[in-house]
Amino acid sequence: MSKILILHGPNLNLLGLREPEVYGVLTLDDINARLTALGAELQVEVRAFQSNGEGALIDALHEARTWASGVVFNPGAYTHTSVALRDAIAAIEIPVVEVHLSNVYAREAFRHQSLLAPVCLGKISGFGWESYALGLRALVSQFKR
Ligand code: DQA
């Protein structure tokens, strides 16, 4: 069975409490539980990890190379700043889908730039927790092409 890493970046551990009008009321555990259920439906194993640290996210991407078929990644604010995460995604040579709960293009100008999108398979933004679900479906559909 294919395995997929669901990777959550900084401040996403506070989901449910953090700006619920922007990010919704579901907690990270709620989202992970929904993605685990969706994974079972799609016949893939889903493993989730969150870190606030750029280094830990890079390490998780490097490790994913050894066990995962792909990654659904919400890089949080590092999306807009991190050359190191971009290089990690380019290095691992497994597909990564960038996802965001909010529509980053409807927000501040600094959120319109993603340093990561050019090295990702694709990007989904603006559908709340379902951005992750759509990202997971899109990733799995690529394995079945
Ligand atoms: C986010 C969007 C980012 O701009 C922001 O820094 C986040 C969350 C989202 O899921 O909408 O932390 O990635």
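Note that ligands are numbered from 1 as they come in the structure, with each ligand's atoms numbered from 1 the same way.
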### Task
Hey, could you give me each pair passing side chain to side chain donor-acceptor pair (under 3.5 Å) that has a residue in residues 108-117? Not counting sequence neighbours.
E98-S114, E108-R111
### Message
Counting the benzene-type ring for Trp, do H8 and Y132 have ring centres under 6.0 Å apart?
### Response
yes
### Atom pair CG (L38) and CD (E130), whose distance is rounded to the nearest 0.5 Å
10.0 Å
### Query
Which other residues belong to the hydrophobic cluster containing Y105, where Ile, Leu, Val, Met, Phe, Trp and Tyr are joined when side-chain heavy atoms lie under 4.5 Å apart, directly or via other members?
V104
### Task
Check side chain to side chain contact (heavy atoms under 4.5 Å, CB included) between Q43 and all other residues, then give those that pass, not counting sequence neighbours.
none
Ligand 1: protein N/O within less than 3.5 Å of ligand N/O:
unit_1, atom_1, unit_2, atom_2, d
ligand 1, 4 (O), H80, NE2, 2.7
ligand 1, 4 (O), R111, NH1, 2.9
ligand 1, 6 (O), A77, N, 3.2
ligand 1, 6 (O), R111, NH1, 3.0
ligand 1, 10 (O), N74, ND2, 2.8
ligand 1, 10 (O), L101, N, 2.8
ligand 1, 11 (O), L101, N, 3.3
ligand 1, 11 (O), S102, N, 2.9
ligand 1, 11 (O), S102, OG, 2.6
ligand 1, 12 (O), R18, NH1, 3.2
ligand 1, 12 (O), R18, NH2, 3.0
ligand 1, 13 (O), N74, OD1, 2.8
ligand 1, 13 (O), H100, ND1, 2.8

### Message
Between the side chains of E45 and R47, is the shortest nitrogen-to-carboxylate-oxygen separation below 4.0 Å, so that they form an ion pair?
### Response
yes
